[in-house]
Amino acid sequence: MKKFCLNICIPTFYPALRPFSILIVCLGAILFSAQAQQSKIATPEIVQLKVVDTHSNPLFGVYVVNKNKSHLLTTTDIDGECILHTHLINSSDSIQFQGMGYKTESYTLKELKNIRQVVLESLHYELEETVIQGISTEELLDKVSSKLKKLPQNTPSYCNFYGKAQYEKITEYRDSVVEYRREYGYYFTSGDIQPKNHWDNKFKSYFVPAYSARSYSLTNDGTDTLALMYITTEGIRFDAGSRKIFTLLRTVQLYGPLFSGTECYDFTPIDSDSLDYVYTFKTKATAYPEQTKISCKGTLVIDFHRHVLKRITFEYIDYQLYRQVLLTNQRKASSPFSTQAEIVLDYDEEGYTYIKSCKQESRWKYDLGDNFVVIEQPSRMHPEKGNLLEKEAFYCYNYQDIKKSFRTPGISTKIHVAQRNPTGRYDSLLFEKLPLLLDPTKALKDLSRYEDIYKQYRENSNKTYYPDNFLNGFNGFVGAGRDDRAFRSNTQAVRLQVFELFSIPVYP
């Protein structure tokens with residue numbers, strides 16, 4: 001029997017549910033279940049391919065890209081195999097197969113339907129050793145990598161650093177925006193500490209907003225407010241408030257190019273208009289996923305004078321931190337979504353790096369099913385069918401030490417509790433002054449069709465993102481005797497204590 005957990009968000013201005021309303025809810029649940037079963041029967045057309053070299057050896061990690069939309073469709077697995085879902089491709093689109101060290105091949109959808117195998121030809125060229133002011137490329141990259149050092153082994157696994165920070169997210173479903181949120185508050189972290197175990201559960205990374213400009217969370221078709229804020233079964237899972245950006249940032253700290261050395265990546269210097277050094281990088285096919293948890297391709301920028309990493313741009317990044325992929329042969333790894341991102345780094349007074357800002361887009365390639373066990377839930381159910389796109393941005397205005405008397409398990413726990421169910425006051429003047437991290441043009445237009453966007457901001461002012469019973473009922477606590485109002489009161493009190501310790505953040 002499948003486990004089914006359903007949390008229903010009912011706005012506080014609704015009257016108490018009457019018996020007839022309960023009947024409607026039950027009937028709705030039955031219809032929803034039937035639709036979910038029906039959606040499993042309707043399978044979109046797929047094209048199965050194998051990508052090999054001229055010697056018929058399978059090629060792992062080849063990117064399959066829709067050039068017309070600059071969209072990663074999929075990547076080949078360790079056996080060189082991949083699956084294309086044709087409903088994501090137009091007949092006129094050019095589908096490219098890009099492998100590091102191989103010539104790029106392009107096909108139309110019609111051509112791909114008539115073949116079973118794509119052959120990539122090796123590029124044969126020799127690169128001259130690049131020497132930069134008396135230092136070779138290898139020496140330069142090793143030097144830069146050595147400066148991306150982890151904090152000392154004895155660093156406590158509490159919140160050791162914090163700063164004023166901003167977070168934004170736009171959720172699109174079927175090319176229509178169904179949610180927009182802007183938040184300003186504090187970012188707390190343990191810093192880039194050494195991972196203690198496989199799950200890295202000693203690392204701390206929390207965003208606690210003090211101010212919030214949040215639209216309604218709309219249904220997939222944008223015609224109503226979302227009643228199902230969180231739902232989980234073995235096959236259908238979503239969390240409207242899912243934040244993926246902080247998981248990505250930690251993955252880069254642990255496994256990113258130069259962060260984890262140079263062994264797992266191929267680097268190539270390129271000419272550019274920049275006065276700094278610019279390199280392309282790509283994960284080695286032999287390194288993923290056993291040696292590194294990232295399969296990616298992109299460019300990085302190294303400061304000309306200081307020889308430190310300044311910026312990383314990921315054309316594509318498939319990361320496996322906190323994620324297991326269960327397949328029959330246990331050898332293949334893939335993500336249900338593809339991500340593009342740009343990360344800007346900075347350094348504190350002691351020379352330790354921190355991530356100052358990040359923008360990312362996560363586009364879902366597949367609906368969740370038995371093959372994927374993921375912690376990063378989609379923001380809406382049926383993400384593949386709706387071409388779900390999640391845009392996120394983060395900016396840290398300052399990064400400073402938390403004083404030693406605050407580096408305690410108790411205060412770290414308070415911060416953890418305060419961030420679990422985000423809320424914040426809407427201050428129109430503050431949000432007029434704050435810079436826009438994401439382009440809101442489409443979001444404002446789409447969401448205002450439902451109701452004036454500024455009215456939505458005011459309605460959500462000081463409201464927690466999830467209903468009271470979301471966290472109270474999480475992990476099986478439903479019916480355990482915990483009172484929702486008491487639980488809400490406790491979390492509100494803890495949140496106030498956090499801002500008493502660190503003060504309410506002012507405009508940066």
Side-chain angles (χ1 to χ4, degrees), residues 35-52 58-99 102-120 171-176 178 220-222 235-238 295 297 315-318 325-329 332-340 361-372 374 378-391:
Q35 290 173 350
Q37 294 297 323
Q38 185 178 9
S39 68
K40 293 183 179 180
I41 298 173
T43 303
E45 184 181 355
I46 62 174
V47 175
Q48 294 180 304
L49 297 168
K50 185 167 186 174
V51 183
V52 298
L59 295 178
F60 170 73
V62 173
Y63 291 108
V64 185
V65 180
N66 187 329
K67 183 182 178 182
N68 298 62
K69 300 177 181 178
S70 298
H71 170 43
L72 177 67
L73 295 171
T74 187
T75 56
T76 57
D77 59 34
I78 200 167
D79 294 321
E81 298 174 351
C82 65
I83 294 176
L84 298 181
H85 293 257
T86 59
H87 71 281
L88 298 175
I89 307 170
N90 296 324
S91 58
S92 60
D93 289 345
S94 175
I95 310 305
Q96 290 189 338
F97 293 79
Q98 305 173 356
Y102 295 88
K103 293 181 181 178
T104 297
E105 296 290 342
S106 300
Y107 295 87
T108 63
L109 179 60
K110 182 179 180 180
E111 291 171 333
L112 291 176
K113 288 181 177 180
N114 295 322
I115 62 176
R116 291 290 179 267
Q117 189 167 276
V118 173
V119 180
L120 300 187
T171 303
E172 292 186 21
Y173 195 89
R174 293 197 179 102
D175 297 321
S176 180
V178 292
N220 289 355
D221 59 7
I236 303 173
R237 303 186 293 276
F238 83 92
S295 175
K297 175 185 178 184
E315 293 180 38
Y316 317 113
I317 176 169
D318 188 347
V325 182
L326 305 179
L327 293 169
T328 55
N329 59 17
K332 302 177 182 180
S334 180
S335 168
F337 55 85
S338 62
T339 300
Q340 296 176 309
E361 292 189 4
S362 300
R363 189 179 294 276
W364 285 76
K365 301 178 290 185
Y366 311 118
D367 287 335
L368 298 180
D370 295 336
N371 289 336
F372 296 104
V374 297
S379 296
R380 293 295 187 275
M381 68 175 67
H382 307 307
E384 177 197 348
K385 296 174 183 177
N387 198 21
L388 177 65
L389 176 62
E390 298 165 314
K391 302 177 182 179

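The structure presented is a predicted model; accordingly, all values stated were derived computationally and were not measured. For the single chain, residues carry numbers from 1 onward in sequence order.
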Take Val62 and Tyr102 through the side-chain contact (heavy atoms from CB on, under 4.5 Å) test and state the conclusion after the steps. CA-CA 9 Å; Val62 173; Tyr102 295 88; over 6 Å; no
Can you list the steps and then say if His85 with Tyr366 is a side-chain contact (heavy atoms from CB on, under 4.5 Å)? CA-CA 9 Å; His85 293 257; Tyr366 311 118; 3.5 Å; yes
side-chain contact (heavy atoms from CB on, under 4.5 Å) between Thr86 and Ile46: does it pass, once the steps are laid out? CA-CA 6 Å; Thr86 59; Ile46 62 174; 6.0 Å; no
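The CG atom of Leu84 lies 10.0 Å from the CD atom of Gln48; values are rounded to the nearest 0.5 Å. To the nearest 0.5 Å, atoms CG (Leu120) and CG (Leu59) are separated by 5.5 Å. Leu109 CG to Asp93 CG: the interatomic distance, rounded to the nearest 0.5 Å, is 8.5 Å. The line from CD of Glu105 to NZ of Lys103 is 8.0 Å long, rounded to the nearest 0.5 Å. Taking OG1 from Thr76 and CZ from Phe97, the interatomic distance works out to 9.5 Å, rounded to the nearest 0.5 Å. One finds the OG atom of Ser338 at 12.5 Å from the CD atom of Glu315 (value rounded to the nearest 0.5 Å).
You'll find the side chain of Glu390 reaches within 4.5 Å of the side chain of Trp364, heavy atoms only. Counting only heavy atoms from C-beta outward, the side chains of Ser94 and Thr108 never approach each other to under 4.5 Å. Between Leu389 and Asn387 the shortest side-chain heavy-atom distance does not fall below 4.5 Å. Contact of the Leu112 side chain with the Ile95 side chain is registered, since non-hydrogen atoms from C-beta on lie closer than 4.5 Å. Lys110 is not listed as a side-chain neighbour of Ser91, based on a closest heavy-atom distance of 4.5 Å or more.
If you check the side chains of Ser379 and Tyr173, you find no donor sitting under 3.5 Å from an acceptor.
For the side chain to side chain contact (heavy atoms under 4.5 Å, CB included) criterion with Val178, the lone passing option out of Asn220, Thr171, Asp221 is Thr171.
A pairwise comparison of heavy atoms in Lys385 and Arg174 identifies O-NE, 4.1 Å as the closest pair. Contact detail for Lys113 and Arg116: the closest heavy-atom pair is O-NH1, 3.7 Å. The two residues Pro378 and Leu388 have their closest heavy-atom pair at CB-CD2, 3.7 Å. Counting all heavy atoms, side chain and backbone alike, Ser106 lies closest to Glu111 at O-OE1, 4.4 Å.
Relative ring orientation between Tyr316 and Tyr63 is described as tilted, the plane-to-plane angle lying within the 30° to 60° band.
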